[in-house]
Asker: 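This is the structure I have questions about; it appears just below.
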Protein chains: 2
Amino acid sequence: MPSMNIQIVARRAGVSVATVSRAFNFPDKVAPATRALVERVAAELGYVANASARTLRTQRSRVLGVVLPTLLNPTFAECLQGIAQTAAAGGYAIVPVTTDYQLAEEERAVNQLLAGNVDGMILVVSNPTTSQALERLRANAVPYVLAYNKHGLHPCVSVDSEGASADVVARLVRLGHRRIAMVTGTMAASDRAQQRYRGYLQGMDAAGLTAPPVLEVPFVETAVDALRHYLAETPRPTALFCSNDLLAIRSIRAASLDGLRVPQDLAVVGFDGIALGQDLTPALSTVMQPNHDIGRHSVELLLKALADGVVPRADASLLLPHAFREGESCAAAPT
Amino acid sequence: MPSMNIQIVARRAGVSVATVSRAFNFPDKVAPATRALVERVAAELGYVANASARTLRTQRSRVLGVVLPTLLNPTFAECLQGIAQTAAAGGYAIVPVTTDYQLAEEERAVNQLLAGNVDGMILVVSNPTTSQALERLRANAVPYVLAYNKHGLHPCVSVDSEGASADVVARLVRLGHRRIAMVTGTMAASDRAQQRYRGYLQGMDAAGLTAPPVLEVPFVETAVDALRHYLAETPRPTALFCSNDLLAIRSIRAASLDGLRVPQDLAVVGFDGIALGQDLTPALSTVMQPNHDIGRHSVELLLKALADGVVPRADASLLLPHAFREGESCAAAPT
DNA sequence: CTGTTAGCGCCTTCAC
DNA sequence: GTGAAGGCGCTAACAG
């Protein structure tokens, strides 16, 4: 059956290949009776149009490339789900590639997808400003949208990481916290991490507080030990703002291992809003991003541009709303 | 640049298209000087061979389809990572499709991938015995390997869910537990769930214990409420065996909401071995499956068959080792 | 409304 | 070691 093709169907139906093609692509440009006949024969033979031949001929593959840091962080898994559903609804398949937060992998990924004839790409890159990969896309006039990244010169779907982070600090301050520390993944590997850190510094500054040294740990490792060491320093912070939910979970683990109670001895706030956070004890207090929607809107932006035969414009960028999700890992400072 | 093709490269290099093609596909069938020239020109022009044209000509796409229930369960995200890495190492791209545990979606997914010219598929299906999708693949002679599923008539990469589950019960019994309950996702949607339940019943039987009614909840929902109701029943179990780690996490949540301490008042054991489980408090006690390796071996089996031009055989199935991971969510029964 | 035909870009025999 | 040419399966003019 894999060798089934339009010619065989045409012969069996007693029509020309053009008619078979039209019956599928422009059903109303074919007589109802003929169409029914073709459809019946095609169904009998299990015919499905060869995607490669169609792509070669039309120069459209109906495939979108997706470049993500990792799927092991539920944030991106949730986003990818939004991407996949929206793409499928629009008749597009997706080819995801992960970079593990490695710059070199970003370029490899883009090249691979470029060679794979994708119609467009959704990417989460380390840093849009310095990205060679994006440069490559621009040079090739490949339509793309960035997810999570935020940059004035590229089409992006993101949230206000900076503002949200400053708000978190303000909230902690209202709860009576003064020694508010921050822990983040490798900042060089993520503009979001940089934005969140900047927001944190702004929040501290606005409250007239001095920020203690930030703890920076690799994205991929568990780093519970580093967190324990960090928390063992005196004066110990009363609140910890974590640049992402996985770090928050590990921070809670580290605190527990050292006999600290969360939130009584240490308030912990995350960032991302992964669904799992709500099922933990204590439930994670976090900045909830609409991960699914970030994926969905990214695809919608891209598909609209594809339909119009243009590349998405930077000024079509979307800033989606975030929200603080009250959990149990964050409470007032000890008095 | 997207319109770059072999002809342009050939002209620019002053050779024929055949030579360019050979320079890339059979480097040693071309004079070193010629090859260097072609490579230089191609690099300058940013030429990459058109995947669709190559696929159409060679009848090989170097793409693998992957059918999974969901990526929101880290089990499958971890597995997909193994799949992606191994596929990439072998020069294959992947197209993942999720089914959300819906039977109808399985067929849709397979049809979509079939139309997409994949060279083979890795699948996690609900039930290999009754799967229309697998029948479709067999009829079309499409090479495939099942992951997690276990079935004598299909090539599978799995673990001994049944044995592992019986062992969990035996372990709980050794810890002094008598009222050991089980909670599972919808069994009709997963042969693994069925196997794990069967193993649980065997373990109970072997210990001369009566199994209380099992709690069956949908895979996709959180179901913390259902769990709370279940745990409120008297006599309350002293140990809970959960068919997967997400359920275990939610069970711990449900217990906490009812003021039950884990593991003192309720021992909880999961199944899957998701990495996150180790960072929770209490750390999850669970049956660790080699999720990454399940993905890796599935691809290796598939690629070997592709290389040999055959479909993977059922008797090439792999049963990978599992291990009990000692966490903190499981302890001796109260005396 | 339907048929004929030219190529999309590539690989691969077959000559040379 | 290299070149010429056919055809993979499909769609889109163009005729009829």
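The sequence lines fix the lettering, A, B, ..., with proteins before strands; numbering per chain opens at 1. Small disclaimer: the values here were computed from a predicted structure and weren't measured.
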Asker: Give a yes/no on whether any side-chain N or O of B/N50 is located under 4.0 angstrom from OP1 or OP2 of C/dG9.
Answerer: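 It does not, given that no N or O in the side chain of B/N50 lies less than 4.0 Å from OP1 or OP2 of C/dG9.
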
Asker: For the atom pair CD1 (A/I294) and CD1 (A/I122), what is the distance rounded to the nearest 0.5 Å?
Answerer: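 So the CD1 of A/I294 and the CD1 of A/I122 are separated by 12.0 Å.
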
Asker: A/S16 side chain: which of C/dT4, D/dG9, C/dG9 is closest?
Answerer: C/dT4

Asker: Calculate the interatomic distance between B/N117 atom CG and D/dC8 atom C1'; express it in whole Å.
Answerer: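 Result: 11 Å.
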
Asker: Check the distance between D/dT2's C1' and B/L37's CG and give it to me in whole angstrom.
Answerer: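 Taking atom C1' of D/dT2 as the reference, CG of B/L37 is at 13 Å.
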
Asker: Just how far, in rounded Å, is P of D/dT11 from CG of A/N5?
Answerer: 12 Å

Asker: Kindly say if A/Q59 contacts the phosphate of D/dT11, meaning a side-chain N or O under 4.0 Å from OP1 or OP2.
Answerer: no

Asker: Using a cut-off of 6.0 Å, state whether more than 12 heavy atoms not belonging to A/R12 lie near its atom CZ.
Answerer: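 No, CZ of A/R12 has 12 or fewer neighbouring heavy atoms, counting only those of other groups under 6.0 Å.
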
Asker: Specify the separation, in whole Å, of atom CG of A/D28 and atom C1' of C/dC1.
Answerer: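 The answer, rounded to whole Å, is 12 Å.
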
Asker: Is there side-chain contact between B/V110 and B/L123, with heavy atoms separated by less than 4.5 Å?
Answerer: yes

Asker: Give the ring-plane orientation class for A/Y47 versus A/F24, where under 30° counts as parallel, over 60° as perpendicular and anything between as tilted.
Answerer: tilted

Asker: By nearest atom, which of the nucleotides D/dA4, D/dC10, C/dC8 is closest to the A/Y47 side chain?
Answerer: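 Nearest to the side chain of A/Y47 among the choices is D/dC10.
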
Asker: Could you state the CZ-P distance from A/R35 to C/dT2, rounded to the nearest angstrom?
Answerer: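 Going from A/R35 (CZ) to C/dT2 (P), I get 11 Å.
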
Asker: Base, sugar-phosphate or nothing for B/T34? Non-hydrogen atoms, less than 4.0 Å.
Answerer: sugar-phosphate

Asker: Can you see whether A/S61 engages A/D119 through a side-chain donor-acceptor pair at a distance of less than 3.5 angstrom?
Answerer: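 Side chains of A/S61 and A/D119: pair found under 3.5 Å.
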
Asker: Let me know the distance between CG of A/L56 and P of D/dT11, rounded to the nearest Å.
Answerer: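 My rounded result for the distance is 11 Å.
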
Asker: Out of D/dG1, C/dT2, C/dG9, which nucleotide sits closest to the side chain of B/A31?
Answerer: D/dG1

Asker: Please state whether the rings of B/Y101 and B/F219 are parallel, tilted or perpendicular, taking 30° and 60° as the class boundaries.
Answerer: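 It falls in the parallel class, under 30°.
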
Asker: Which of residues 6-14 of chain B have a heavy atom under 4.0 Å from DNA chain C?
Answerer: B/I6

Asker: Looking at B/K304 and B/E300, is there a salt bridge between them, counting it only when a charged N and a carboxylate O are closer than 4.0 Å?
Answerer: no

Asker: Under a 3.5 Å cutoff, is there a donor and acceptor pairing between the side chains of A/Q81 and B/T98?
Answerer: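 There is no such pair (donor and acceptor under 3.5 Å, judged by atom type) between the side chains of A/Q81 and B/T98.
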
Asker: Considering only nitrogen or oxygen atoms on both sides, find all protein atoms under 3.5 Å from nucleotides 12-16 of chain C and state each distance.
Answerer:
| from | atom 1 | to | atom 2 | distance (Å) |
| --- | --- | --- | --- | --- |
| C/dT12 | O4' | B/R57 | NH2 | 3.2 |

Asker: Return yes if a side-chain donor-acceptor contact under 3.5 Å exists between A/S52 and B/N117, otherwise no.
Answerer: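 Result is yes, a qualifying pair exists.
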
